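I have placed the structure first, in the form of structure tokens, so that the comments after it can refer back to it.
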Protein chains: 2
Amino acid sequence: MDATPPTREELCPFPLRQSIGFLLVRTALRLRLLGNTILQEAGEDLTVDQWGILNLLWESDGQTPVELARRADKDKPNVTRLLQILEDKGYVARQPDPKDRRSHRILLTEAGRAIKDRLLELGSTCHERACAGLSAQEVATLKDLLNRVYRNVF
Amino acid sequence: MDATPPTREELCPFPLRQSIGFLLVRTALRLRLLGNTILQEAGEDLTVDQWGILNLLWESDGQTPVELARRADKDKPNVTRLLQILEDKGYVARQPDPKDRRSHRILLTEAGRAIKDRLLELGSTCHERACAGLSAQEVATLKDLLNRVYRNVF
DNA sequence: TATTGTTATACTCTATAACTATA
DNA sequence: TATAGTTATAGAGTATAACAATA
């Protein structure tokens with residue numbers, strides 16, 4: 001007779017806390033929270049998602065909402081909402097596209113350009129905090145694995 | 001004179017789409033979406049977060065909300081809400097703890113036990129889809145790196 | 001017909017604080 | 001004083017659908 005009680009593994013052969021999904025989601029949430037906390041403690045009235053849109057514009061000013069949505073991996077309503085917030089805060093302005101009257105160019109204002117260096121610095125702070133103790137090679141490996149999983153689930 | 005126009009890297013030395021935060025968050029969101037889609041297409045009226053709570057109970061029935069919150073990495077109000085949903089759906093029941101009248105034990109109902117095998121199978125489906133093309137070693141590496149980043153940002 | 005951008009709606013999860021009952 | 005659990009509130013993000021204007 002086998003009177004051994006079942007182990008946790010036998011009771012649940014797919015344990016939540018060892019699953020990629022759990023580890024991925026909880027880390028992403030904490031990292032987003034850290035980013036928002038860093039922004040808040042620096043006195044910036046911005047979320048990480050708003051920061052992301054500005055980041056794309058610092059790299060290339062004058063993109064359309066559709067381009068921004070594609071590069072930020074967000075849907076159109078989300079980008080519309082974020083741009084509305086950024087416009088209200090005075091960091092971006094909409095300019096009608098003379099060639100295609102459906103379309104708009106999103107342009108940084110002077111204020112939007114002025115905060116660039118400060119906010120990039122906060123981004124680096126967040127990155128260094130998150131990747132502390134990881135070698136450059138390990139960071140590259142993590143990025144590669146995340147990209148491969150992303151392509152699998154896209 | 002140097003008339004070379006500035007490169008994107010010079011314009012924005014911290015590009016969003018190469019940052020760990022961006023790659024992590026977008027992958028986590030897509031994976032969560034895939035999980036919810038798999039559950040929905042299988043006809044299960046559950047979200048991945050609700051699935052996660054059930055998973056913890058399949059491993060060890062009769063935990064308190066505080067234990068579940070700690071193991072699911074959620075705060076108390078979140079767990080209360082998820083347990084309310086699961087109770088409404090008939091998968092769990094609350095039992096007062098005779099030793100500590102503040103506390104409750106969360107117990108699986110017959111229905112909650114009955115869906116275990118089916119839902120674990122869906123979990124495996126999601127995992128295999130996400131990790132397709134990754135070796136067991138690579139999956140282990142990804143988990144290790146995620147855990148190290150998590151501890152950095154916790 | 002397809003695309004751009006917006007609006008509306010509903011849902012999930014998160015964070016914070018405050019409250020009760022009990023220890 | 002501290003803990004267990006709940007409730008309330010506010011906020012962010014996502015998905016879907018639908019719409020008007022334009023191509």
Side-chain angles (χ1 to χ4, degrees), chain A residues 21-22 24-37 39-41 45-53 63-70 72-89 92 94-106 153-154, chain B residues 21-22 24-37 39-41 45-53 62-70 72-89 92 94-106 154:
Chain A
F22 173 80
L24 202 43
V25 169
R26 78 169 184 175
T27 306
L29 287 173
R30 288 286 175 178
L31 187 50
R32 167 175 273 175
L33 179 59
L34 173 66
N36 283 326
T37 303
L39 286 166
Q40 189 182 336
E41 289 181 350
D45 183 26
L46 288 170
T47 66
V48 290
D49 288 75
Q50 293 158 26
W51 180 94
I53 298 292
Q63 297 177 70
T64 67
V66 165
E67 288 171 334
L68 291 170
R70 182 180 52 78
D73 256 274
K74 297 186 180 299
D75 50 24
K76 285 194 296 180
N78 227 332
V79 168
T80 295
R81 182 179 52 78
L82 289 168
L83 289 175
Q84 186 61 55
I85 293 171
L86 291 173
E87 190 175 14
D88 291 345
K89 291 179 179 175
V92 306
R94 287 173 168 78
Q95 189 181 63
D97 185 329
K99 295 185 176 179
D100 184 341
R101 291 170 58 199
R102 295 171 304 180
S103 190
H104 292 81
R105 300 285 156 181
I106 307 300
V153 300
F154 185 76
Chain B
F22 173 79
L24 201 44
V25 169
R26 78 169 185 175
T27 306
L29 287 174
R30 288 286 175 180
L31 187 50
R32 168 176 272 175
L33 178 60
L34 173 65
N36 283 326
T37 302
L39 285 166
Q40 189 182 336
E41 289 181 350
D45 182 26
L46 287 171
T47 65
V48 289
D49 287 76
Q50 292 158 26
W51 180 94
I53 297 292
Q63 296 176 71
T64 67
V66 165
E67 288 170 335
L68 291 170
R70 182 179 52 78
D73 257 275
K74 297 186 179 299
D75 50 24
K76 285 193 296 180
N78 228 331
V79 169
T80 295
R81 183 181 51 79
L82 288 169
L83 289 175
Q84 186 62 55
I85 293 170
L86 291 173
E87 191 175 13
D88 292 345
K89 292 180 180 174
V92 306
R94 287 173 167 81
Q95 189 181 63
D97 185 329
K99 295 185 176 179
D100 183 342
R101 291 170 57 198
R102 295 171 304 180
S103 189
H104 293 81
R105 299 287 156 179
I106 307 300
F154 185 77

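Lettering of chains follows the sequences in order, A, B, ..., and the numbering in each one begins at 1. The structure displayed is predicted, hence computed values, not measured ones.
- Each of D/dT6, D/dT14, C/dT6 was ranked by its minimum atom distance to the side chain of A/Arg81; first place goes to D/dT14.
- Scored by the side-chain hydrogen bond (donor to acceptor under 3.5 Å, both in side chains) test, A/Asn78 finds A/Arg81 as partners (sequence neighbours excluded).
- Both A/Arg105 and A/Arg30 lie near DNA chain C, and the one whose nearest nucleotide falls closer to the 5' end is A/Arg105.
- By the side-chain hydrogen bond (donor to acceptor under 3.5 Å, both in side chains) test, B/Glu87 is found to be paired with B/Arg94, residues two or more places apart in sequence or in another chain being considered.
- B/Asp100 is linked by a side-chain hydrogen bond (donor to acceptor under 3.5 Å, both in side chains) to B/Arg102, counting only residues two or more places apart in sequence or in another chain.
- Of all nucleotides listed (D/dA15, C/dT14, C/dT6), D/dA15 comes nearest to the side chain of B/Leu33.
- Residue B/Leu83 is the one, among B/Leu83 and A/Asp73, whose nearest nucleotide of DNA chain D lies closer to the 5' end (criterion: closest heavy atom).
- Within 4.0 Å of A/Asp49, counting heavy atoms only, lie sugar-phosphate atoms of the nucleic acid but no base atom.
- Remark: B/Lys89 engages B/Asp45 in a salt bridge (Lys or Arg N to Asp or Glu O under 4.0 Å) (not counting sequence neighbours).
- In this structure, the salt bridge (Lys or Arg N to Asp or Glu O under 4.0 Å) partners of A/Arg32, at least two apart in sequence or on a different chain, are A/Asp49.
- Judged as a salt bridge (Lys or Arg N to Asp or Glu O under 4.0 Å), and not counting sequence neighbours, the contacts of B/Arg105 are B/Asp97.
- Under 4.0 angstrom from either OP1 or OP2 of C/dT14 there lies at least one side-chain N or O belonging to B/Lys74.
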What nitrogen or oxygen pairs link the protein and nucleotides 19-23 of chain C at under 3.5 Å?
{"residue": "C/dT22", "atom": "OP1", "partner": "B/Arg101", "partner atom": "NH2", "Å": "3.4"}
{"residue": "C/dT22", "atom": "O2", "partner": "B/Arg102", "partner atom": "NH1", "Å": "3.4"}
{"residue": "C/dA23", "atom": "OP1", "partner": "B/Arg101", "partner atom": "N", "Å": "3.1"}

Worksheet entry | Bracket notation of DNA chain C in which parentheses pair within the strand, [ ] cross earlier pairs, and | pairs with another strand (Watson-Crick or G-U, under 3.5 Å) | |||||||||||||||||||||||
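- Considering only side-chain N and O atoms, B/Thr80 lies under 4.0 angstrom from the phosphate OP1 or OP2 of D/dT6.
- What you find for B/Ser103 and B/Thr64 is that their closest heavy atoms are OG-CG2, 3.5 Å.
- Distances shown here put a side-chain N or O of A/Asn78 below 4.0 Å from the OP1 or OP2 atom of D/dT14.
- With sequence neighbours excluded, no residue forms a salt bridge (Lys or Arg N to Asp or Glu O under 4.0 Å) with A/Arg70.
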